[in-house]
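Note that these values count all heavy atoms, side chains included, but never hydrogens, waters or copies made by symmetry.
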Amino acid sequence: EMNSGGSLGTRYWYAPFRKVAAQAREMLIAAAAERLGVPAGELRAADGRVTHAGSNRSLGFGELVEAGAIARGELGVAGLVIDKLEQACS
């Protein structure tokens, strides 16, 4: 049986979702750094893109996630998200 828990659901899941989002952001930045050949510290993730301000080059989150999923032989990213959620909640 599924239950959202009303407003308790937000409080319960807030920290795990923030942790997963932060991990995902770091993974995207690391992937972009590798693809762009720049240090991760010079990149910024915002508005669906990872951007290198110095060169104004950027990569979309979607293309970074797809490239990573293909490299790992996954058919999609749902498994990655679920794995990260499970890790954050344990």
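When the side chain to side chain donor-acceptor pair (under 3.5 Å) test is applied to Arg44, no partner is found at least two apart in sequence or on another chain. Taking the side-chain contact (heavy atoms from CB on, under 4.5 Å) definition, one finds that Ala33 meets it with Ala40, Leu43, sequence neighbours left out.
Between atom CZ of residue Phe61 and atom CZ of residue Arg25 there is a gap of 9.0 Å, rounded to the nearest 0.5 Å. In this structure, NE2 on His52 lies 4.0 Å from CD on Glu42, to the nearest 0.5 angstrom. Of the inter-residue distances, the one linking Leu36 atom CG with Ile29 atom CD1 reads 11.5 Å to the nearest 0.5 angstrom.
Taking both residues in full, the closest heavy atoms of Leu59 and Ala32 are given as CD1-CA, 4.0 Å, listed atom of the first, atom of the second, then distance.
In this structure, Glu63 places its CD atom where more than 12 heavy-atom neighbours from other residues, nucleotides or ligands lie under 6.0 Å away.
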